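The structure appears right after this line, and notes come after that.
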Amino acid sequence: MADQLILSSPLLDYVRDFSLREDDVLRELREETAGLPGGTALQINPEEGQFLALLVRMTGAADVLELGTYTGYSALCMARALPADGHLVTCDITGRWPSIGVPYWKRAGVADREQRVEDAFAVLGELLAERGPASFDLVFIDADKVNYPRYYEQSLELVRPGGLIVVDNTLFFGQVADPAFTDANTEGVRALNALLRDDERVEVSMLTVADGVTLARRKGA
Ligand code: CA
């Protein structure tokens with residue numbers, strides 16, 4: 001018998017009933033997003049959004065970078081958890097999906113966060129040039145999976161010692177553990193997981209939350 005809980009629907013409902021504090025703005029954004037093609041797969045779970053917000057508060061992060069905005073549910077969660085002088089940069093290769101989130105960000109009073117419509121490599125390069133290394137407290141990686149190892153390497157340069165990198169979908173629908181899957185996305189996630197396992201630059205915890213969430217804290221502080 002596996003010693004890890006497999007989350008049944010009733011149990012997930014229970015988790016949500018007894019811990020989720022999603023307000024109307026978040027719920028309405030999530031419901032609108034769920035109606036989009038691929039919406040439920042691409043959007044993070046509400047309990048994961050709440051977890052991200054808690055991570056921002058726990059780490060005292062003031063400068064947060066997100067790779068992969070989609071419709072901005074996670075950005076909204078993290079932006080609201082920032083201190084008054086905090087700053088969030090989020091990027092996506094298209095403005096189409098983030099534009100859906102903008103009215104919700106406005107309603108929540110966090111529309112002043114910085115949104116860039118560019119691929120994540122371009123943004124990572126720009127931020128390194130503009131702000132320099134170690135200029136972020138927390139980076140949330142949730143862009144295309146093929147490039148996960150490279151996003152991680154550049155994020156590690158951008159995050160300060162003691163800062164946190166949070167990577168989404170590190171179990172990738174369970175496909176990482178199934179040799180039948182050899183597509184580029186699954187291989188990208190696998191490559192990152194292998195890199196993280198042996199990476200002495202960080203402390204790591206792989207959580208079986210949602211679709212797998214890995215926390216990597218940069219050593220040195
Ligand atoms: Ca994701």
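If you're wondering where the values come from, they're calculated on a predicted model, not measured in any experiment. All ligand and atom numbering here is 1-based and tracks the order in the structure.
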(Q) Under the side chain to side chain donor-acceptor pair (under 3.5 Å) test against Tyr104, which residue among Glu32, Glu28, Arg30 passes? (A) Glu32

Q) So, Arg190 and Glu187, do they make that salt bridge, N to O below 4.0 Å? A) yes

Q) Would you say the side chains of Asp199 and Tyr152 form a donor-acceptor pair under 3.5 Å? A) yes

Q: Could you tell me whether the Ca ion (ligand 1) has an N, O or S atom of Gln43 under 3.0 Å away?
A: no

**Q.** Asp142 atom (N/O/S) at minimal separation from the Ca ion (ligand 1)
**A.** OD1

Q: Taking the Ca ion (ligand 1) as the reference point, name the nearest N/O/S atom of Asp168.
A: OD2

Q.
Closer than 4.0 angstrom, basic N to acidic O: yes or no for Glu153 and Arg201?
A. yes

